[in-house]
Amino acid sequence: MASATVLSLLEAIGGAGLSVWVGGGWGIDALLGEQTRPHRDLDLMHRSEEEDRLTALLGSLGYAETLDRRPVRFVVTGTGGRDVDLHPLRFGEDGAAEQSSFDPEPFRYPADAFTTGTIGTVAVRCLSAAQQVHFHQGYEPTERDRADMACLREAFGVETHF
């Protein structure tokens, strides 16, 4: 997915008054302030209470649901096979959030997991380096995952498990 497509989507979502945070590969690149590799999709965390409005907006932009793994996540796909992987979050009063999981325990996002980065020259909301590292645990990493974690180690001095 091209940066122009990502920025166009984020502008439309923000313009509708909806809150999202970029995660995954684009989220790592936002933290780094540069695109380090091609991205096949866009991972967005969103407020669960805004989901109906968000899916309606994405539908008006030509995206249709292609995968339903609710309550954990779901995917909408636009023209040209552009996937947006959506992750609903439930926020507490303290700014921390939880995402459902297929495990007994939910995914947890501390309040400081939400930060800003840049895509191109545009400031975007994204997940923190620590949260990105946290989500890259507990599975066999791909070469892409290894490269992403190496970038975070170099840029932020964070420790990773691979």
Side-chain angles (χ1 to χ4, degrees), residues 1-10 13 19-48 51 54-55 58 61-90 96-110 112-120 122-162:
M1 182 175 288
S3 61
T5 302
V6 172
L7 292 173
S8 177
L9 281 170
L10 294 175
I13 291 166
S19 301
V20 296
W21 292 264
V22 181
W26 271 116
I28 289 171
D29 282 357
L31 289 169
L32 298 170
E34 66 177 309
Q35 186 173 350
T36 61
R37 63 176 175 83
H39 300 283
R40 59 180 167 73
D41 68 355
L42 171 64
D43 289 278
L44 294 178
M45 280 70 286
H46 66 279
R47 293 181 177 276
S48 59
E51 188 168 303
L54 179 59
T55 55
L58 291 170
L61 298 173
Y63 288 81
E65 189 168 318
T66 54
L67 177 69
D68 183 358
R69 300 288 305 227
R70 286 180 180 88
V72 178
R73 60 183 274 271
F74 62 101
V75 175
V76 295
T77 303
T79 57
R82 298 175 308 203
D83 288 338
V84 179
D85 196 348
L86 295 156
H87 305 263
L89 304 181
R90 297 173 305 279
E98 288 187 346
Q99 177 185 346
S100 294
S101 169
F102 294 118
D103 296 328
E105 287 296 313
F107 296 114
R108 300 194 191 288
Y109 297 73
D112 64 359
F114 305 100
T115 189
T116 57
T118 57
I119 296 176
V122 178
V124 299
R125 290 194 271 187
C126 61
L127 297 181
S128 69
Q131 192 71 15
Q132 289 279 12
V133 170
H134 178 71
F135 283 146
H136 282 82
Q137 296 181 46
Y139 66 92
E140 185 61 34
T142 65
E143 285 306 309
R144 182 181 67 231
D145 294 325
R146 290 180 190 284
D148 285 348
M149 292 299 102
C151 287
L152 291 180
R153 280 194 307 275
E154 183 177 319
F156 299 102
V158 296
E159 291 186 33
T160 65
H161 73 288
F162 57 81

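Predicted model, so just to flag it, every value in this text is computed and none were measured. Sequential numbering from 1 along the given sequence is applied to the chain's residues.
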Provide the closest heavy-atom pair for [X] versus [Y] in the form atom of the first, atom of the second, distance.
| X | Y | result |
| --- | --- | --- |
| Trp26 | Gln35 | CH2-OE1, 3.2 Å |
| Met1 | Asp83 | CE-O, 3.4 Å |
| Gly23 | Met45 | CA-CE, 4.0 Å |
| Gln132 | Gly24 | NE2-O, 3.2 Å |
| Ala155 | Leu32 | CB-CD2, 3.4 Å |
| Ile119 | Ala30 | CG1-CB, 4.0 Å |

[atom2] on [Y] to [atom1] on [X], rounded to 0.5 Å:
| X | Y | atom1 | atom2 | value |
| --- | --- | --- | --- | --- |
| His39 | Ile28 | NE2 | CD1 | 8.5 Å |
| Leu44 | Cys126 | CG | SG | 11.5 Å |
| Asp85 | Phe74 | CG | CZ | 9.0 Å |
| Arg47 | Leu89 | CZ | CG | 8.5 Å |
| Thr118 | Asp29 | OG1 | CG | 10.0 Å |
| Thr55 | Glu65 | OG1 | CD | 8.0 Å |

With a 4.5 Å heavy-atom cut-off, do [X] and [Y] have their side chains touching?
| X | Y | answer |
| --- | --- | --- |
| Phe114 | Gln131 | no |
| Leu67 | Arg73 | yes |
| Val124 | Leu7 | yes |
| Val6 | Leu9 | no |
| Leu86 | Val20 | no |
| Thr5 | Arg82 | yes |
| Met149 | Pro141 | no |
| His46 | Ser19 | no |

Output every pair passing ring-ring contact (aromatic ring centres under 6.0 Å, His included) with a member in residues 140-162, not counting sequence neighbours, ordered by first then second residue. none
For Arg69 and Phe102, run side chain to side chain contact (heavy atoms under 4.5 Å, CB included): C-alpha distance rounded to whole Å, both residues' side-chain angles, the deciding distance at 0.1 Å, then the answer. CA-CA 9 Å; Arg69 300 288 305 227; Phe102 294 118; 3.3 Å; yes
How about Gln99 and Tyr109: does a side-chain donor come under 3.5 Å of a side-chain acceptor?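 Yes, a side-chain donor-acceptor pair sits under 3.5 Å.
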Please indicate whether Arg108 has more than 12 foreign heavy atoms, meaning atoms of other residues, nucleotides or ligands, lying under 6.0 Å from its CZ.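 Check passes, neighbour count above 12.
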State which residues pass salt bridge (Lys or Arg N to Asp or Glu O under 4.0 Å) with Arg144; sequence neighbours excluded, sorted by chain then number. none
Electrostatic pair Arg146:Glu140 at N-O distance under 4.0 angstrom: yes
Between Arg37 and Asp148, is there a side-chain N and carboxylate O pair less than 4.0 Å apart?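 Looking at Asp148 together with Arg37, the answer is yes, because their closest N to O distance falls below 4.0 Å.
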Intermediate values then yes/no, side chain to side chain contact (heavy atoms under 4.5 Å, CB included), Leu127 and Asp43: CA-CA 10 Å; Leu127 297 181; Asp43 289 278; over 6 Å; no
Would a distance-only check, ignoring hydrogens and angles, find a side-chain to backbone donor-acceptor pair under 3.5 Å from Asp68 to Arg70?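 Answer holds: yes.
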